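All of these numbers come straight from a predicted model, not from anything done at the bench.
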Number of protein chains: 2
Amino acid sequence: MAMDRDQVLRTAAALLSRKATATMDEVAKAAGIGRATLHRHFAGRDALVRALEDLGIREFEVAFDKARLDEGTAPDALRRLVAESEPNAPLLAFLVTENQLFEGDQVNEGWARLDARVSALFRRGQQEGDIRIDLSPAWLTEALYGLVGSCAWAVMDGRVAAKDFQHMVAELLLGGARRSVEK
Amino acid sequence: MAMDRDQVLRTAAALLSRKATATMDEVAKAAGIGRATLHRHFAGRDALVRALEDLGIREFEVAFDKARLDEGTAPDALRRLVAESEPNAPLLAFLVTENQLFEGDQVNEGWARLDARVSALFRRGQQEGDIRIDLSPAWLTEALYGLVGSCAWAVMDGRVAAKDFQHMVAELLLGGARRSVEK
DNA sequence: ACCAAATGAGACGTTGATGTCTCATTCCAA
DNA sequence: TTGGAATGAGACATCAACGTCTCATTTGGT
């Protein structure tokens, strides 16, 4: 029953992704540790959420690295990005809704770094002529997060098959719903 | 200072869309009424959220009617739907995140009715050859909600200009981010 | 085998929001 | 004008989660 900080965080992420209002007690039980121990490592609920935020940001930075956003065409890079994001999609969904509660406080600057990388990808795609220019990189970034989160919820609710996650997100984001003539 | 139930609900919707954790006290103050009065009309916070849910469902049913989902091509109907949804987009964003807390409880059957109408629209588009068939109507419906909600947040945060809402949502959903050759 | 550190269980006080209640005041219709 | 209904303000008890603390037990390294 040793306390593995990272393992506890991942368990908490899994629980909170499903039930965002889970209590500290529930988080502790889910992680198989005592509430006191949980408190010894995370000063409070806020600290826990911050730690989850850090974990999420770290995971996505790794995912972005693996996706090699600078290589190949932007659409291909985006597909890789969606594929690499899938394992952490529920965590992202949780953090996105949680962030909306932080109103104006101070948001982790890590998000800005991630946003910048995604925005840069879209911008590159626009410059190379692969991405339409009437949709701003900022909006495309938001939309990516939104679709990843939505699909994560849909998968958890059984409305979308898990195996379709990558296709559903990447294809909708890239190609849209309209049936293209050239296809 | 007479109590106008519908006006109170709209004020609450506006507040809670920005700050989902707003207290009953804050809601009452925002509505310009006393907390006791608020309590006389809504048995509790749950009842208030349920009432907001009803309001939202009513609003969207009206919006769907106005959008005339059965007329014209599916893409055109979808554009009208996005346009009609815009005024209530923040409320939708709030209700969507709130619904995720309702885990398995009982979800208002109104959502099923709305889902059915949107799904039917996408299905019609697929049958008429305007919407691609490799994306399920259920997912397209979820994606629509997700994009409307995401864009509502983005507008509230100033990352997207309010005047671009319809274009950003409808064009991304329909056409995707990839620059099409035919365009 | 030993000892220091970490843990689990639970008691305890605190806090913030909730829901109820009272009472003086205001509103509105007859 | 008048009387009943609705309201606003605030007091009050309740409750759930939080955060702190203690102490017996377990763990892990030497």
> Could you tell me the separation between the CD atom of A:Q7 and the P atom of C:dT7, rounded to a whole number of Å?
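Computing the A:Q7:CD to C:dT7:P distance gives 15 Å.
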> Mind calculating the distance between NZ (A:K29) and C1' (C:dT7) to the nearest angstrom?
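In whole Å, C:dT7 C1' lies 15 Å from A:K29 NZ.
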> Any salt bridge between A:R117 and A:E61, counting N to O under 4.0 Å?
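Salt bridge between A:R117 and A:E61, a charged N being under 4.0 Å from a carboxylate O: no.
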> To the nearest 10°, give me the bend of the helix from C:dA1-D:dT30 to C:dA30-D:dT1, comparing the axes of its five terminal pairs at either end.
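Inter-axis angle at the termini of the helix from C:dA1-D:dT30 to C:dA30-D:dT1: 30°.
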> Flag the pair B:H41 / B:V8 as yes when at least one side-chain heavy-atom distance between them is below 4.5 Å, and no otherwise.
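Result no, sub-4.5 Å side-chain heavy-atom pair not found.
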> Could you check how far CG of A:L48 sits from P of D:dA17, rounded to whole Å?
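So the CG-P distance, A:L48 to D:dA17, works out to 16 Å.
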> Does this structure show an ion pair linking A:K29 with A:D25, if we count only N-O contacts that are shorter than 4.0 Å?
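A:D25 and A:K29: salt-bridged.
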> In this structure, how many angstroms lie between the C1' atom of D:dA5 and the NE2 atom of B:H41, rounded?
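Atom-to-atom, B:H41 to D:dA5, this comes out as 11 Å.
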> In B/S/- notation, 5' to 3', how is nucleotides 17-25 of chain C contacted by protein heavy atoms closer than 4.0 Å?
SBBBBB---
> Quick one: do A:R124 and A:E128 make a salt bridge, cutoff under 4.0 Å?
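A:E128 and A:R124: salt-bridged.
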> Ignoring hydrogens and angles, tell me if any N or O in the side chain of A:D157 forms a donor-acceptor pair with the backbone of A:R159 under 3.5 Å.
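Looks like no, no N/O pair under 3.5 Å.
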> Taking side chain as C-beta onward, heavy atoms only, is A:M24 less than 4.5 Å from A:L38?
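SC-SC contact between A:M24 and A:L38 confirmed.
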> Figure out the CZ/P separation between A:R5 and C:dT7, and round it to whole Å.
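Value for this atom pair: 12 Å.
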> May I ask you to check whether A:T141 and A:S119 show a side-chain donor-acceptor distance below 3.5 Å?
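Judged by distance alone, the side chains do pair up.
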> Run the side-chain donor-acceptor check on residues 145-153 of chain B: report pairs under 3.5 Å with partners two or more places apart or on a different chain.
{"residue": "B:Y145", "atom": "OH", "partner": "B:D115", "partner atom": "OD1", "Å": "2.7"}
{"residue": "B:S150", "atom": "OG", "partner": "B:G146", "partner atom": "O", "Å": "2.9"}
{"residue": "B:W153", "atom": "NE1", "partner": "A:Q100", "partner atom": "OE1", "Å": "3.1"}

